[in-house]
Structure formats: C-alpha cells, structure tokens
2 protein chains.
Amino acid sequence: MGIAERKNRQKQALRERILDAARRIVVREGFAALSMRKIADAIEYSPATLYLHFASRDDIARALCAEGYAQLLATFVPLMQIADPAERLKALGRAYVAFGVEHPETYRLIFMEDPSYTGAALGGAVGVGKDEGNAGEPSANTRRGHSTTAPGNAAGEASEDLGDAALQIMIDALDELRTAGRLPAPVASVEPAVRAEALWASLHGIVALYLTCPVFPSAPLDTLVGVTLDAWLGAPQTARAGGSANAAVRGEKRPKRLPASSTDPPPRPPARRKAAGP
Amino acid sequence: MGIAERKNRQKQALRERILDAARRIVVREGFAALSMRKIADAIEYSPATLYLHFASRDDIARALCAEGYAQLLATFVPLMQIADPAERLKALGRAYVAFGVEHPETYRLIFMEDPSYTGAALGGAVGVGKDEGNAGEPSANTRRGHSTTAPGNAAGEASEDLGDAALQIMIDALDELRTAGRLPAPVASVEPAVRAEALWASLHGIVALYLTCPVFPSAPLDTLVGVTLDAWLGAPQTARAGGSANAAVRGEKRPKRLPASSTDPPPRPPARRKAAGP
DNA sequence: GTCTATACCCAGATAGAC
DNA sequence: GTCTATCTGGGTATAGAC
C-alpha cells in the first residue's frame, strides 16, 4: 500500500504548509488578521482547498494553540533539572514571562484570546473543579469529518494535557518548597493548587499587561518578575537576610525589555473581522 | 442665545444615547460585536448620523473606555477613607478584582483589548518612563472636528489622569506600609512605583485569567485574591503569627464566584470584524 | 440634522466543474 | 484534490437629497 501512504504524506505536508502559513500570519499581524483567504494566498492554493484539511478557521486556530502549548511546555522541561526548587521555580517564572515577551502573538492566542482556546489547554484535572459552565458555544465542532483522518499529526490531539503538565511542574516545585519550610507563612498555608494558580496568575498579569498596555512596565520587566517571585517565594532565609534573591532589583544594567525582540515583531493591534455565515 | 443652547443640549442628548447603546452592546455581546450599524439600529437612527457625533467607531470605543476608567476609579475613592493602609490596600485589591468580575466586558475593553485604549488611561506620569514606542498607529485621530464642540461632556477629556490616579492610590498605601515597616523584606526593598505595578499586575492576572480561561480558578476567586494580597503584604506580624489576614483562605462558605453576576452577563466571546476602507 | 443609497471593503463557507 | 464562481453576510464611511 505504498501509494496510499504517499498520498497520506502529501496530505500531511499540505496540512503543515497551511499551519505554517497561518502561524506566520498570526505572528506577524495578530490573530485577528488570520483569514482563510490570506492563508490560501500565502500558500498559493484556493481557499476551498483549506477546507479539505481543516473544518474551519477555528479549527486552524485550535491547531495553532496546540502548537503554542507544546512550545511553552518545551521551554519548561529542561528547567525541571534544576535541583533547588526555589531556583527551579524562579527559572520557570522567568521562562514563562520570557516566552510571552518573545512570542507575543502566540501568547495572546493561547492565553488572552478566546476562552475556548485557552480552555483547551487545561483539562481541569488540577484542583477542585468548577461550577458555572463559562465556556460557551464558540464552535462546538472541534473535529468533525476531515482533518482527523490521518492519525499521527503533530500537536493535534491531547493538547489538554500540556497546560496541566505545565501547571503541575509549578505545583511540584511549590510543594517541595513548602515541605522544606521555605515558603512565607501566608503562602504556605493554602492548598497547593491554589498556590500554583495564584502564582501563575501573577506571572500572567505581568505578561498580559506588558502585551496590552503600552506604558505599563515603567520598570524593567525582569525587575518586576524578580520582585513578584520574591514576594511569593520569600527572600532566602539562609543567613544574609533581607536581600532579594534576584540580582536585578534595581538592575539598570540589563536591557529594559528582556531580549529586545526575538521571534515575533511587536504586537500589531486591531484589524478586526466579522462573524461567519451559517 | 437660548436657541443655540437648546440645540447643543439636544446634540449632547443624542451623543449620550449613542454612548448608552454602545455600552449596552459591549456589555452584552462584547467589544468585538460593536458596530456602527448595530448602534444605529439600537437608537433607531441611520448609521450616517453617528458620524455627526463621533468620528469613528474607534472614537466611540475611546469614550466608553473613559467611562470605564471613571467607573473603576469611583469604586476606589470611598476606600481611601480606610485608615489602616494594609486594610485599605486589601479593600482596593478586592474591589479591583470585583470590578473586573462584575463588569467583564468593560474590564476587557479598558485593560485587555487594545494597547491604544489601555494606554489612554496611563499618562505615564508614574514611574521611570519608557523607551520603545509600542503604541502603534491604530487611529491617531482621537478628536478631530465634531464631537468635541461641546465643552462639558462627561468623561470625555482627561481620561489619562484616571488610571494614574488609581495607581497612585495604591502607591500611597504601599508607601505608608513600607515606612511603617510592615512590608515583607523582598517587597519593601524595591521602588514604590515598581511595587505598585507588580501588585497591580498580580491582580490583573487574576481577573484576566478569570475572564479568559474557562477552567481557571479551580479555587474560589476571593481565596485567590486573599492569598495574593497576603503574599504581597505579608501576614500581619502583630502577635498571633502564621495565620492569614484573609478570612476566606479555605472559605468554602462563600459563593465560588463573587457576586454570581452583577451587571454584565458572562463574556460572550468571538464575533470578529474586519478593518475599514478609506 | 437626518436620511437613503451606495461605494467599497472583507470575511467564511460551499457547489459543482474539471 | 483542486479550482472557479458564488452565496451570504458583515462592516466603515461618505455623497447627496430632503
């Protein structure tokens, strides 16, 4: 059956090209500027062809999200080697913020755009659980018909686990710190999941404000991250008290914005779009 | 000149009707669903008429933002009476988050939508200042021609001050705490503006995740707020150590979501739109 | 000051020829 | 499998009659 396999490979290849083009558009012009026509233009196919690989624009967006989750988690994994939980957690925090700064449109897409996109990363396996279904109806047709015919495509399926995994990494580090008695009292006295969620929210706040508010960090970003991590983890209590664990508390030496700009150009704001037909 | 005044009043009245309708649409369907056609429909005028009062859809959005800033600041003002700076700060934090939860679409609009909207609140008067102009071009025509003919319209002009004022309230409370020696060491050792920005970011993170991520707070929202404030302000160090200052650390008594729902219905996500022609 | 009508743009999605 | 052509529906903004 070599012929069928070749056809499958070709189909996969086109699928990847579509996703590549879509990613480039999102990165350059923002998610709002992503349209089927633009993707089709970019890969020099007709718009109709896209629908043989993805059920809808939303479907493509979800695939991009899955990639984003994987990318974020991939930046976390090597940091798990850090033995000291406090250092590990700080590295994770800095990596998280750096990811958001370096990939603004990707970060926007997966964490700031649409509840159904953001929710796809968290299976809800962590913590207590929720009431009030807030997800809503935005396209309940996650995968219908085509686009899932081929089994082993990259980052298509279990994107739910990725977000949970990232959160779990933080929970673990926090737990180690707690059992070692190295957390400030108010932080130590809550449930692990709550701790992790709250810390996550703090980091997300920094990134989100940075990406949305032009005049936000009047302070250098890593200063902000440093003081936030210190507030949560407490200053190191092994001797030499008072000082912060972060080197750049007043760090005027470092560049104001972490890596100046790495992958994505600065967020290109509006460019709105309309809703679809039937 | 009573005739001219009457005409002016009428013009103002229609302006208010437009803004009212726009606010209702944003609150009910989200900012993305706001369109000139819809506003015109709602007030039973033709779309063309709107352009006699506002230069563009963007202009209307800015006016709504200004209202939002004023509204947020108004919830802060009464809390300034609280004598104890720690209690004041906690009340401010809770009020901030509550505002975001009770007015999700308003909060989205002013803090999560567009850099040019969010930036309008902060004059940049606070803190060190920034480099890298990130604002961008989205409609530099803030006020041109009409719509500013009448002088005393509500919440039209100095919206820049409002955001700064809110931040300043937080800075002041933090300063009082610091001079009283009641801040944790890592938090006390940074500049006041940085402290305030970082705390603000933490609170924003909670609200932003709550509004965007369907499965985010597996913990009750006020638990999250409580532990965050405790992390920043430290547990009260006057005797009875260890315990948190916030009553609801494990508070299963309270409703999961603060006021169930007050003004705005739950965020109604997408509904995108396109960019305009010349 | 307000309207109708319209120019012009963009989008998502599909039918049916090839 | 791919395309052309098209349907349907949205949008901003303006010209010109009343």
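Treat the numbers as computed from the prediction; the structure is a model and nothing was measured. Every chain is numbered from 1, with letters handed out A, B, ... down the list of sequences. Side-chain atoms are counted along with the backbone in the values below, which use heavy atoms only and exclude waters and symmetry mates.
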What nucleotide, of [options], holds the atom closest to the side chain of [X]?
{"X": "Arg57(A)", "options": "dC3(D), dT2(C), dA13(C)", "result": "dA13(C)"}
{"X": "Ala48(B)", "options": "dT4(C), dT12(D), dT2(C)", "result": "dT4(C)"}
{"X": "Tyr51(B)", "options": "dA13(D), dA13(C), dG1(D)", "result": "dA13(D)"}
{"X": "Lys38(B)", "options": "dT2(D), dT4(C), dG11(D)", "result": "dG11(D)"}
{"X": "Ser46(B)", "options": "dT2(C), dT4(C), dC3(D)", "result": "dT4(C)"}

Do you see a donor-acceptor pair shorter than 3.5 Å between the side chains of Tyr107(A) and Tyr96(A)?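 Side-chain D/A pair, Tyr107(A) to Tyr96(A): present.
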
Distance-only side-chain donor-acceptor flag, Ser116(B) / Asp114(B), under 3.5 Å: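 Side-chain D/A pair, Ser116(B) to Asp114(B): present.
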
Could you tell me whether Arg17(B) and Asp20(B) make a salt bridge, using a distance below 4.0 angstrom between a side-chain N and a carboxylate O?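 No, no charged N to carboxylate O under 4.0 Å.
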
Starting at [atom1] of [X] and ending at [atom2] of [N], how long is that distance when rounded to a whole Å?
{"X": "Glu29(B)", "N": "dG10(D)", "atom1": "CD", "atom2": "P", "result": "12 Å"}
{"X": "Leu50(A)", "N": "dG1(D)", "atom1": "CG", "atom2": "P", "result": "15 Å"}
{"X": "Asp59(A)", "N": "dG12(C)", "atom1": "CG", "atom2": "C1'", "result": "14 Å"}
{"X": "Arg9(B)", "N": "dG1(C)", "atom1": "CZ", "atom2": "P", "result": "14 Å"}
{"X": "Asp41(B)", "N": "dG9(D)", "atom1": "CG", "atom2": "P", "result": "15 Å"}
{"X": "Leu52(B)", "N": "dG16(D)", "atom1": "CG", "atom2": "P", "result": "16 Å"}
{"X": "His53(B)", "N": "dG1(C)", "atom1": "NE2", "atom2": "C1'", "result": "8 Å"}

Per the atom types in the model, does the base of dG11(D) pair as donor or acceptor with the side chain of Arg37(B) at under 3.5 Å?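 In this structure, the two groups form a donor-acceptor pair.
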
With a cut-off of less than 4.0 Å, is there a side-chain N or O of Ser56(A) near OP1 or OP2 of dG12(C)?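 No, outside the criterion.
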
Does Ser35(B) place a side-chain N or O at less than 4.0 Å from the phosphate oxygens OP1/OP2 of dG11(D)?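 True: Ser35(B) side-chain N/O within range (under 4.0 Å) of dG11(D) OP1/OP2.
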
Looking at the rings of Phe99(A) and Phe111(A), which for Trp means the six-membered one, are their centres under 6.0 Å apart?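 No, they do not, as the ring centres are separated by 6.0 Å or more.
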
Would Arg15(B) pass as a cation-pi partner of Tyr45(B), given that its NZ or CZ must be under 6.0 Å from the six-membered ring centre and within 45 degrees of the axis?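 Not satisfied by the 6.0 Å and 45° rule.
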
5'-most contact on DNA chain D: Tyr45(A) or Met36(B), nearest heavy atom basis?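 Nearest nucleotide further toward 5': that of Tyr45(A).
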
Go nucleotide by nucleotide along DNA chain C from the 5' end; which of Pro47(A) and Glu44(B) gets its closest nucleotide reached first?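 Nearest nucleotide further toward 5': that of Glu44(B).
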
